[in-house]
> 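Here it is: the structure, laid out below.
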Number of protein chains: 2
Amino acid sequence: MAVTIKDIARLANVSVTTVSRVINNKPEGVSEETRQKILKLVKELGYQPNAIARGLVTKKTKTIGLIIPDISNPFFPDIARGVEDSAHIYGYNVFLCNTDDNLEKESEYIRALKEKYVDGIIFTSSVPSDYQHIMELVRDGVPIVMMDRRMESEEIYGVFIDNYEGGYLATKHLIDLGHRKIGCITGPLKVKNARERLEGYKRALLDNGIEVDERLIFEGDYKINSGIIGTEKLLNDNKDITAIFACNDLMAYGAYKTIRSYGYKIPDDISVVGFDDILLSQIMEPQLTTIRQPAYDMGLTAARMLIKLIEGKKVSKKIIIFKPQLVIRQSTASVDEGVF
Amino acid sequence: MAVTIKDIARLANVSVTTVSRVINNKPEGVSEETRQKILKLVKELGYQPNAIARGLVTKKTKTIGLIIPDISNPFFPDIARGVEDSAHIYGYNVFLCNTDDNLEKESEYIRALKEKYVDGIIFTSSVPSDYQHIMELVRDGVPIVMMDRRMESEEIYGVFIDNYEGGYLATKHLIDLGHRKIGCITGPLKVKNARERLEGYKRALLDNGIEVDERLIFEGDYKINSGIIGTEKLLNDNKDITAIFACNDLMAYGAYKTIRSYGYKIPDDISVVGFDDILLSQIMEPQLTTIRQPAYDMGLTAARMLIKLIEGKKVSKKIIIFKPQLVIRQSTASVDEGVF
DNA sequence: GTGAAAGCGCTAACAT
DNA sequence: ATGTTAGCGCTTTCAC
């Protein structure tokens, strides 16, 4: 049997109230003498407060939930690490939940997290627009912060990256290099960030007097394989294509594979730009030019925001938007004019 | 205010006991009629049991802790995913804890997890041999399962890979290809798995009549940079080296970089073998020959084992050892005899 | 400065 | 088949 507050109280000849005051560092109403006596006993007996009992009365558990699609997708570990680091600093623990973008699993996790009285939840999931269970959380007063997945509602706090600008930057970079026939392999278009990146791509084209050609757009799913297939389709349908913007690095890697198998060289024949800047992008050869998302910082920020919300502190902005950054490496080159 | 068991009881004109019986699916002692009445109310009011209150009395929280060095190290996400999947199946949630192999952080997490009354803990950490706080957990009766980090104690459950055999396989493969001067970049030797891989390397050498040459061994730390530095040292000190066994894939990648910068070709001039088989190893060029660890399965297995322990079920084996597997890709080739 | 008592929401003997 | 009661370990009024 673990030692409880009662044990300490009995041994110190004081009430549990007094012990409670000491272990919670309440400054008032305990003489230095008794405080020391209690602290001594706490140490000797290795007393650890029971967070469950405490949680039952305070309704606070110092626990948050992190809901992501899949921790083994290389984009998420950095986010998770940021969230966890932030949480740890403030004395919180984090429940890891993988939904595989499955609405049902997401609901299950939400239910479980509510039953366990987490103090708040961070969502980094890319589920379509069925936000019902999320709005329900808001209504129930559970603090939540969205990441990556933008909500329409003004009610909701979140940290995001400017996906539109990311798509724009990537495309603009290619245009500046002289490319005109630029393929785009998008994420799943039911996901908002995928639509935004695509919008950025289109706008950059338009701003530079290039028409949007639907045959140059392929809807992928952010996984390697769709990069492979998408590039095949793009290459087959557009003989004059000189560049591909893959809307994440994993698909860019898929694009590499196909481009190679067609006997083309990167970037000599085809330039490629990715999105995310995961470790992979530095390891691929040639190293991938990509749009950097500061995943770790975003995780850090989201958790900090959530905890402020939980603790009733002022949160200056409801929405924090990080700026994407173009990282130029070796997968992009200017169009060799001789080609034309 | 959330709806409680009392509310349901009142509205159903029954006692809380009866409600408790129903929501916990106790088969005995509730008429079908009242059961239905209660279930209906539960649904209507959206009643969710308070897991904190339940935990306080049952001393079970349906929660486990996962302690790893760093989720952003590419080796751990798959493990974490396996653990979480397993946990989810059995109705458990998992706390993610990153220690950075820092003993102090590990202790902090253990304390926090104990305060939160997790039902058990999985350790995948590579801290040196200060096992005191772990033995303390065992003494306290907290079920724990070790992964990757082998304990001397017979008391402790765990799932591991045969690191010795992995090291042996890697080295033997190189020897079979005709290599004689084989460098080895180890993990941090305070970590047991690092020592075991090195042992496998040495034994394979010895078994094939090759002397162990300490100048061919460099102690790294499982990070990219030590692969870079280690290879520089190895290459400088041993002009006739033809192969390198990097004790994980990240260091193998570092080795690639150095080998390239010296103007050598892989595998023509230098063969490289890694360890882990993370996604990276397929993306590197040439694709890395490596020793595969079934990380996801190991996570799955560890969590299943832990939960059996928690629930008092029979666990057939205290220690489960997975077999490593040599995955031959393109970074190894037979020694060009012309070299000699 | 300190303590008594109530109660958080639930489970589990023990009655009936 | 159902209810009464005690109590899990803690915090929190309120009183002294």
> Heavy atoms only, 4.0 Å cut-off, all strands: where does B:Asp7 land among base, sugar-phosphate and nothing?
nothing

> Which one, C:dG3, C:dG9, C:dT11, comes nearest to the side chain of B:Leu56?
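Among the listed nucleotides, the one closest to the side chain of B:Leu56 is C:dG9.
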
> Calculate the interatomic distance between A:Ile52 atom CD1 and C:dG9 atom P; express it in whole Å.
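Taking atom P of C:dG9 as the reference, CD1 of A:Ile52 is at 15 Å.
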
> Given atom CG of A:Asn13 and atom C1' of C:dT2, what is their separation to the nearest angstrom?
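One finds 13 Å between C1' of C:dT2 and CG of A:Asn13, rounded.
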
> Does a nitrogen or oxygen in the side chain of B:Ser15 sit under 4.0 Å from OP1 or OP2 of D:dT4?
no

> For a quick test of reading the model: is some side-chain N or O of A:Lys6 closer than 4.0 Å to OP1 or OP2 of D:dC8?
yes

> Regarding B:Tyr117, tell me which of base, sugar-phosphate or nothing describes its non-hydrogen contacts under 4.0 Å with the strands shown.
nothing

> Among the nucleotides D:dT4, D:dA1, D:dG9, which one has an atom lying closest to any side-chain atom of B:Ser31?
D:dA1

> Check whether any side-chain nitrogen or oxygen of A:Asn24 sits under 4.0 Å from OP1 or OP2 of D:dT11, and answer yes or no.
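It does, given that an N or O in the side chain of A:Asn24 lies less than 4.0 Å from OP1 or OP2 of D:dT11.
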
> Could you tell me how far apart A:Arg54 (CZ) and C:dC10 (P) are, to the nearest whole angstrom?
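Distance check: A:Arg54 CZ to C:dC10 P gives 21 Å.
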
> If I take atom OH from residue B:Tyr47 and atom CD1 from residue B:Ile38, how far apart are they, to the nearest 0.5 angstrom?
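These two atoms lie 11.0 Å from each other.
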
> Looking only at the aromatic ring of each residue, does the gap between the centers of A:Phe95 and B:Phe95 stay below 6.0 angstrom?
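Yes, close enough.
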
> How long is the line joining CG of B:Asn50 and C1' of C:dT11, in whole Å?
13 Å

> Could B:Glu33 and B:Lys37 be called an ion pair, given the rule that one side-chain N must be under 4.0 Å from one carboxylate O?
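B:Lys37 and B:Glu33: not salt-bridged.
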
> Could you go through nucleotides 12-16 of chain C and list every protein N or O atom that sits under 3.5 Å from one of its N or O atoms, giving the distance for each pair?
from   : atom 1 : to      : atom 2 : distance (Å)
C:dA12 : OP2    : B:Lys26 : NZ     : 3.4
C:dA12 : N6     : B:Thr17 : OG1    : 3.0

> C:dG1 P sits how many Å from A:Ile38 CD1, rounded?
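About 13 Å, once rounded to whole Å.
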
> Of the options D:dG9, C:dG3, C:dG9, whose atoms approach the side-chain atoms of B:Lys59 most closely?
D:dG9

> Given D:dC10, C:dT2, C:dT11, identify the nucleotide with an atom nearest to the side chain of A:Ile5.
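So the nucleotide nearest the side chain must be D:dC10.
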
> Could you tell me the separation between the CZ atom of A:Arg10 and the C1' atom of C:dT2, rounded to a whole number of Å?
19 Å

> Measure from NZ on B:Lys116 to P on D:dC8 and round the result to the nearest Å.
23 Å

> To the nearest angstrom, how far is A:Glu115 atom CD from C:dC10 atom C1'?
13 Å

> Counting just side-chain N and O atoms, does B:Thr34 come under 4.0 Å of either OP1 or OP2 of D:dT2?
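Checking B:Thr34 against D:dT2: at least one side-chain N or O falls below 4.0 Å of OP1 or OP2.
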
> Could you tell me whether B:Asp78 and B:Arg81 have a side-chain N and a carboxylate O separated by less than 4.0 Å?
no

> Is the number of heavy atoms from other residues, nucleotides or ligands under 6.0 Å of A:Lys318 NZ greater than 12?
yes

> Hey, are B:Asp100 and B:Lys105 close enough for a salt bridge, meaning a charged N less than 4.0 Å from a carboxylate O?
yes

> Quick check on B:Lys6: does its NZ atom have over 12 non-hydrogen neighbours (other residues, nucleotides or ligands) under 6.0 Å away?
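No - once you tally the heavy atoms of other residues, nucleotides and ligands closer than 6.0 Å, there are 12 at most.
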
> Answer yes when A:Asp140 and A:Lys114 have at least one side-chain N-carboxylate O distance shorter than 4.0 Å, and no when they do not.
yes

